[in-house]
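Written below as structure tokens is the structure these notes are about.
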Amino acid sequence: MMSKKEKHLTGSEEDLMEIFWASKEPLTSVEILNISGDRSWNGNYVHIMLRSLLKKGMIEVCGTVQSGKQYARQFIPAVTKEQYAAKLVMSKGIGKNSIAAVTVAMVNEMNEETGEELVKQLEEIIEELKNKESKE
């Protein structure tokens with residue numbers, strides 16, 4: 001179970017992670033400020049959030065680029081949106097015995113058409129897991 005301090009994100013941190021998850025390219029703090037134009041973030045606040053996300057292991061530095069006369073670090077997500085969601089669920093006390101029930105509840109929350117597609121995906125995942133276990 002993850003500690004609240006370790007992995008839980010603030011609302012702004014989650015918003016910033018959404019930007020990272022939506023981006024296909026590494027981002028610098030300047031690029032984040034340009035993308036987040038509708039938010040009231042300033043440069044200092046973005047740097048504070050980036051430091052926090054680095055400390056929590058949510059993002060990582062993947063390089064540097066020249067920005068004017070200075071160099072800027074580039075960041076990428078270290079955790080997928082799905083991995084983060086799974087950690088959140090697990091932090092709520094949902095253990096391995098409840099995973100199937102949670103999955104069924106999630107499928108029931110979807111419309112029927114999407115639910116059928118999800119069932120097919122789950123069947124494929126189950127087959128992959130069975131094949132993986134039989135090879136080990």
Side-chain angles (χ1 to χ4, degrees):
M1 187 182 295
M2 68 180 174
S3 69
K4 285 187 178 187
K5 185 178 178 186
E6 183 182 344
K7 297 292 181 185
H8 283 233
L9 303 180
T10 66
S12 292
E13 287 173 339
E14 282 188 4
D15 289 346
L16 181 50
M17 285 306 300
E18 290 291 342
I19 291 171
F20 278 113
W21 290 321
S23 176
K24 303 298 181 213
E25 301 292 325
L27 297 173
T28 65
S29 59
V30 173
E31 292 167 331
I32 291 167
L33 279 171
N34 291 337
I35 292 170
S36 64
D38 60 334
R39 294 173 182 88
S40 61
W41 298 345
N42 64 33
N44 289 335
Y45 188 63
V46 169
H47 285 284
I48 290 168
M49 287 192 299
L50 289 171
R51 271 195 304 272
S52 176
L53 291 173
L54 279 167
K55 187 175 180 180
K56 293 176 181 181
M58 297 297 293
I59 61 173
E60 59 190 22
V61 177
C62 66
T64 56
V65 293
Q66 191 165 1
S67 177
K69 293 182 179 182
Q70 299 177 342
Y71 286 89
R73 293 184 299 173
Q74 293 180 302
F75 303 93
I76 57 171
V79 176
T80 66
K81 190 174 186 174
E82 294 78 12
Q83 289 169 325
Y84 176 65
K87 288 178 184 188
L88 279 180
V89 169
M90 299 301 278
S91 75
K92 300 294 182 190
I94 304 296
K96 63 182 179 181
N97 296 333
S98 302
I99 291 174
V102 170
T103 304
V104 169
M106 291 173 70
V107 170
N108 287 335
E109 287 293 318
M110 301 177 151
N111 62 41
E112 192 173 311
E113 185 177 308
T114 308
E116 290 175 15
E117 183 180 314
L118 181 60
V119 169
K120 288 179 187 175
Q121 289 176 347
L122 290 171
E123 288 171 343
E124 291 172 7
I125 291 169
I126 291 168
E127 283 303 312
E128 287 178 24
L129 290 172
K130 285 181 181 178
N131 291 336
K132 182 180 176 183
E133 286 179 8
S134 65
K135 289 179 182 177
E136 292 177 352

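What you see below is based on every heavy atom in this structure, not just the backbone, and it leaves out hydrogens, waters and symmetry mates. The first residue of the sequence shown is numbered 1, and numbering continues consecutively from there.
Side-chain contact between L54 and R73 is present, with heavy atoms from C-beta onward closer than 4.5 Å. Using a 4.5 Å cut-off on side-chain heavy atoms (C-beta onward), E13 and M58 make no contact. Looking at F75 and V61, their side chains come closer than 4.5 Å, going by heavy atoms from C-beta outward.
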Give the C-alpha distance, both sets of side-chain angles, the deciding distance and a yes or no for side-chain contact (heavy atoms from CB on, under 4.5 Å) between V65 and Y71. CA-CA 5 Å; V65 293; Y71 286 89; over 6 Å; no
Apply the test side-chain contact (heavy atoms from CB on, under 4.5 Å) to residues L9 and L53: give CA-CA distance (whole Å), side-chain angles for both, the deciding distance (0.1 Å), then the verdict. CA-CA 8 Å; L9 303 180; L53 291 173; 3.7 Å; yes
Under the side-chain contact (heavy atoms from CB on, under 4.5 Å) criterion, do N131 and E128 qualify, and how do the steps go? CA-CA 5 Å; N131 291 336; E128 287 178 24; 5.7 Å; no
The test is side-chain contact (heavy atoms from CB on, under 4.5 Å); show your working for L50 and I32 and say whether it passes. CA-CA 10 Å; L50 289 171; I32 291 167; 3.9 Å; yes
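When all heavy atoms of W41 and I19 are compared, the pair lying nearest together is CZ3-CD1, 3.9 Å. Between M17 and P77, the shortest heavy-atom distance links the atoms CE-CB, 4.1 Å. Across all their heavy atoms, G57 and V79 have their closest contact at O-CG2, 3.6 Å. Considering every non-hydrogen atom in both V46 and S29, the closest pair reads CG1-CB, 4.1 Å. The two residues G43 and L33 make their nearest non-hydrogen contact at CA-CD1, 3.7 Å. When all heavy atoms of K92 and H8 are compared, the closest pair comes out as NZ-CE1, 4.2 Å.
Between the side chain of S52 and the main chain of M49, no donor-acceptor pair closer than 3.5 Å is present.
Contacts of S12 classified as side-chain hydrogen bond (donor to acceptor under 3.5 Å, both in side chains), with partners at least two apart in sequence or in another chain: Y45. For E31, there are no salt bridge (Lys or Arg N to Asp or Glu O under 4.0 Å) partners two or more places apart in sequence or in a different chain.
For residues 14-26, the side chain to side chain donor-acceptor pair (under 3.5 Å) pairs, not counting sequence neighbours, are E14-Y84, E18-K81.
Once rounded to the nearest 0.5 Å, the distance linking CD1 of I59 with CG of L27 reads 9.5 Å. The CG atom of N34 sits 8.0 Å away from atom OG1 of T28, with the distance rounded to the nearest 0.5 Å.
Both L88 and L16 are members of a single hydrophobic cluster when ILVMFWY side chains are connected at heavy-atom separations under 4.5 Å.
The environment of Q121 atom CD is dense: over 12 non-hydrogen atoms of other residues, nucleotides or ligands sit within 6.0 angstrom.
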